[in-house]
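Following: one structure in structure tokens, then a few remarks.
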Number of protein chains: 2
Amino acid sequence: MQSAERRTTLADVAAEAGVSVALVSIVMRGAPGAGAATRERVLEVARRLGYQPDSRARLLRSGRSRLLGVVFDVRHPFHHDLLTGLYDAAGKAGYQLTLSAVTPLRGERTAVGDLLQDRCEALVLFGGQLRASELASIAARLPVVAMMRAARRRDVDVVHNDDALGSHQAVDHLVGLGHRRIAHVDGGEWHGSAERRAGYQEAMRRHGLAEHIRVVSGGAGEEDGARAAERLLGDPPTAVTVFNDLSATGLLDVLRRNGLGVPGDISVVGYDDTGLSRLAHIDLTTIGQDIDTMAAGAIERAVARIEGTPAGPREMVVPPRLVVRGTTGAPRPAAGARPPRQR
Amino acid sequence: MQSAERRTTLADVAAEAGVSVALVSIVMRGAPGAGAATRERVLEVARRLGYQPDSRARLLRSGRSRLLGVVFDVRHPFHHDLLTGLYDAAGKAGYQLTLSAVTPLRGERTAVGDLLQDRCEALVLFGGQLRASELASIAARLPVVAMMRAARRRDVDVVHNDDALGSHQAVDHLVGLGHRRIAHVDGGEWHGSAERRAGYQEAMRRHGLAEHIRVVSGGAGEEDGARAAERLLGDPPTAVTVFNDLSATGLLDVLRRNGLGVPGDISVVGYDDTGLSRLAHIDLTTIGQDIDTMAAGAIERAVARIEGTPAGPREMVVPPRLVVRGTTGAPRPAAGARPPRQR
DNA sequence: GTGAAAGCGCTAACAC
DNA sequence: GTGTTAGCGCTTTCAC
């Protein structure tokens with residue numbers, strides 16, 4: 001039963017190798033200041049004894065943890081993609097990641113609290129609903145980088161994709177195909193919804209299609225898209241841009257059940273390029289966020305703050321890109337329709 | 001710039017409150033042995049100073065970390081559902097979770113290594129490809145609970161759903177609807193695939209349908225299901241049970257594109273009850289794993305090992321349950337078809 | 001009820 | 001090159 005015996009420590013290795021603990025410490029860290037022979041012998045003993053350095057003691061003593069705390073939500077598929085990028089970027093910057101999940105039963109405050117006790121040197125927050133005042137009290141303690149959420153604060157760095165630009169890309173794509181009557185299903189109260197909606201409206205105006213602007217309230221869920229679709233059925237447009245992929249999926253479902261062909265009768269564009277949109281079954285044209293750039297940016301901001309580098313702009317906006325799949329096509333030439341005007 | 005100033009420590013609070021550090025420690029831990037008035041005053045000072053205990057120092061000193069390490073894969077949706085259950089169960093048992101993710105760029109060995117350095121008292125492994133010998137060397141160090149994977153070792157606890165039973169439930173459901181020609185698309189090398197396949201075969205035999213047994217090789221991805229569907233098209237059965245939901249989705253797509261109605265011409269049953277299967281668009285009949293029971297079981301096993309309790313069986317098998325949705329129905333009465341035989 | 005003191009396992013000065 | 005020493009922030013005896 002392993003719980004009875006103590007774990008191997010530096011001192012054990014030192015004793016076994018017949019050297020001082022300081023020397024073993026030097027060897028284990030790969031720091032300069034040890035003879036090649038000694039180094040080898042210590043390493044051999046450590047391996048034989050199954051020695052594992054105690055990160056807690058190590059970090060406690062050295063004052064720094066080189067730990068970056070990340071708060072993510074288990075329910076959000078996009079967060080998982082982002083984690084991959086963050087691990088990679090953090091590793092390259094010489095930092096370790098420590099994860100704290102938000103679940104249906106575990107709030108953001110709890111998640112952040114655990115991370116604070118772990119003495120992270122900075123926090124990366126994915127989305128989330130923390131109020132500005134709460135963000136403030138956290139940011140007063142350590143650098144905070146917020147991803148995919150707004151934060152009108154000088155002490156919080158923000159990294160997110162350019163939602164307005166994404167909407168522009170969606171509308172441009174549809175107009176390029178010949179669409180004019182393009183509606184938008186928004187994301188309600190969700191972060192980014194206002195920006196994506198405004199982007200849609202501006203793009204429509206830019207194309208001289210102000211009269212065709214039509215915003216239907218939606219949300220982030222599949223059911224929101226389904227509800228919005230029902231409202232569109234009375235007078236369907238030839239194309240719709242939707243707040244996110246999941247909502248677009250619900251919308252697609254209702255449209256098809258009501259006999260509307262996609263993209264024959266109506267084209268649909270989602271947002272996020274989640275795995276969902278890639279499924280052959282769904283094959284959704286969408287707007288993809290540049291995960292690697294965003295992850296690298298977040299780490300770069302966090303490290304800059306930690307190391308006190310004056311740093312550049314506190315807000316990083318990453319351009320998204322259009323991913324064309326099977327839910328968009330030219331509009332069916334309606335009776336009396338004018339030929340599409342080129343932008 | 002907050003990185004300049006030292007964090008608040010126990011000593012700071014003690015000085016400010018005019019008491020000893022030992023007393024503050026007692027108060028902060030809620031341990032008995034402090035006057036009510038003192039307790040209140042210390043708490044007030046701690047709050048005012050924004051004191052956060054340092055978990056590293058705390059755990060270093062107390063010898064125990066009360067930390068459970070979890071290795072999960074960011075790509076697996078099912079893992080995220082499981083995390084929710086684990087956080088809950090761990091909290092109830094008085095343990096904290098520390099997460100280590102496997103990503104496309106970060107292997108299982110790295111993930112486990114980080115956890116070992118964090119001095120977790122036990123490890124919970126989700127799935128994974130570690131070889132038996134590697135598992136052995138980890139299990140020699142600390143208790144290991146493997147979820148959703150096999151581990152023929154006395155020193156590793158295993159918690160998983162009853163894959164064979166799940167297949168039985170799927171087949172029983174289909175036979176009950178009147179199906180006889182039921183095929184199975186397996187999961188290739190994935191954990192659980194062999195069990196689900198064997199369960200299917202046995203259930204078919206139990207129903208006297210041995211002659212209709214038909215196994216098509218597949219995998220865990222959507223493309224695997226799509227490939228399998230193409231192979232089935234030549235002589236389509238009236239129903240298919242598939243290794244998992246994602247593969248079933250790919251299969252559904254190919255079937256429908258080839259003019260086969262679901263469930264009109266062919267019924268489909270998935271496995272896992274992932275969010276995917278719940279989408280209205282997909283609405284897949286599937287086999288659901290009991291996440292809460294599995295999570296609670298894993299924590300219970302880990303804690304029992306940590307605390308040296310003699311403990312019960314080292315393997316926990318949780319029964320799954322059938323979730324009926326829209327992809328299963330009675331078979332279309334074929335010309336000359338015999339009436340379905342009741343089981 | 002409260003305080004003093006001894007470490008947990010490790011790193012970082014500083015001597016030798 | 002190598003050893004000695006002094007803590008990091010906390011918990012835990014053990015006195016008072």
Side-chain angles (χ1 to χ4, degrees), chain A residues 3 5-43 45-46 49-67 94 96 116-121 141, chain B residues 3 5-43 45-46 49-67 94 96 116-121 141:
Chain A
S3 37
E5 45 197 66
R6 217 169 38 80
R7 295 181 89 122
T8 321
T9 72
L10 258 197
D12 298 330
V13 178
E16 179 78 12
V19 293
S20 74
V21 286
L23 207 40
V24 179
S25 169
I26 286 170
V27 172
M28 293 313 296
R29 281 176 292 141
T38 323
R39 199 173 284 273
E40 194 155 338
R41 184 157 41 89
V42 168
L43 249 23
V45 172
L49 265 44
Y51 171 72
Q52 286 269 12
D54 186 323
S55 64
R56 271 172 236 293
R58 171 178 279 185
L59 303 176
L60 175 59
R61 171 63 236 218
S62 60
R64 298 197 47 183
S65 69
R66 299 199 77 86
L67 229 46
Q96 236 194 286
L116 287 179
Q117 299 202 170
D118 287 345
R119 290 294 186 265
C120 297
E121 300 190 33
R141 281 189 159 56
Chain B
S3 37
E5 45 198 64
R6 215 169 40 81
R7 295 181 91 124
T8 322
T9 70
L10 257 198
D12 299 329
V13 178
E16 180 77 11
V19 294
S20 75
V21 286
L23 207 41
V24 179
S25 170
I26 286 171
V27 172
M28 294 313 296
R29 280 176 293 141
T38 323
R39 198 173 284 272
E40 194 156 337
R41 185 157 41 90
V42 169
L43 250 23
V45 172
L49 264 46
Y51 170 71
Q52 286 270 11
D54 184 321
S55 64
R56 273 179 287 113
R58 172 178 276 186
L59 303 177
L60 175 58
R61 174 59 236 220
S62 60
R64 298 198 45 184
S65 68
R66 299 200 76 85
L67 229 47
Q96 236 193 285
L116 286 178
Q117 298 202 170
D118 287 344
R119 289 294 185 262
C120 296
E121 300 190 31
R141 280 190 159 56

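Proteins come first, then strands; the chains are lettered A, B, ... in the order of their sequence lines, and each starts at number 1. In what follows, every heavy atom counts, from backbone to side chain, and hydrogens, waters and symmetry copies are set aside.
- Taking atom CG of A:L10 as the reference point, atom C1' of C:dC8 lies 13 Å away to the nearest angstrom.
- Closest heavy-atom contact between A:P32 and A:I26: O-CG2, 3.9 Å.
- Toward the 5' end of DNA chain C, the nearer of the two residues A:S55 and B:G18, judged by each one's closest nucleotide, is B:G18.
- Proximity of a side-chain donor or acceptor of B:R66 to a complementary backbone N or O of B:G94 within less than 3.5 Å is detected.
- A straight line from CG of B:D118 to C1' of C:dC8 spans 16 Å, rounded to a whole angstrom.
- With salt bridges taken as basic N to acidic carboxylate O contacts below 4.0 Å, one links A:R64 and A:E121.
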Candidate pair B:Y51 and B:L10, rule side chain to side chain contact (heavy atoms under 4.5 Å, CB included), full reasoning | CA-CA 8 Å; B:Y51 170 71; B:L10 257 198; 3.5 Å; yes
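- Checked by atom type and distance alone, the side chain of A:T38 never pairs as donor or acceptor with a backbone atom of A:A34 at under 3.5 Å.
- Judged purely by atom type and a 3.5 angstrom limit, A:R56 has no side-chain atom pairing as donor or acceptor with the backbone of B:L59.
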Which protein N or O atoms sit under 3.5 Å from an N or O of nucleotides 12-15 of chain D?
unit_1 : atom_1 : unit_2 : atom_2 : d
D:dT12 : OP2    : B:R29  : NH1    : 2.8

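- Look at CG on A:D12: it is 8 Å from P on C:dG9, rounded to the nearest Å.
- Between the P atom of D:dC10 and the CD atom of A:Q117 lies a distance of 10 Å, rounded to the nearest Å.
- Nucleotide D:dC8 holds its C1' atom 9 Å from the CG atom of B:L60, rounded to whole Å.
- Using a 4.0 Å cut-off on heavy atoms, the residues of residues 31-42 of chain A that approach DNA chain D are A:G33, A:A34, A:G35, A:T38, listed by number.
- A distance-only check finds a donor-acceptor pair linking the side chain of B:S62 to the backbone of B:R58 [under 3.5 Å].
- Between the side chain of A:R141 and the backbone N or O of B:G50 there is at least one donor-acceptor pair closer than 3.5 Å.
- Atom CG of B:D54 and atom P of D:dC8 are 12 Å apart (whole Å).
- In terms of phosphate contacts, A:S20 brings a side-chain nitrogen or oxygen within less than 4.0 Å of OP1 or OP2 of D:dG3.
- The nearest whole Å value for the distance from the CG atom in B:L49 to the P atom in D:dG9 is 14 Å.
- The salt bridge (Lys or Arg N to Asp or Glu O under 4.0 Å) analysis of residues 14-36 of chain B, with sequence neighbours excluded, yields the pairs B:E16-B:R48.
- Taking atom CZ of residue A:R56 and atom C1' of nucleotide C:dT11, one finds them 17 Å apart after rounding to whole Å.
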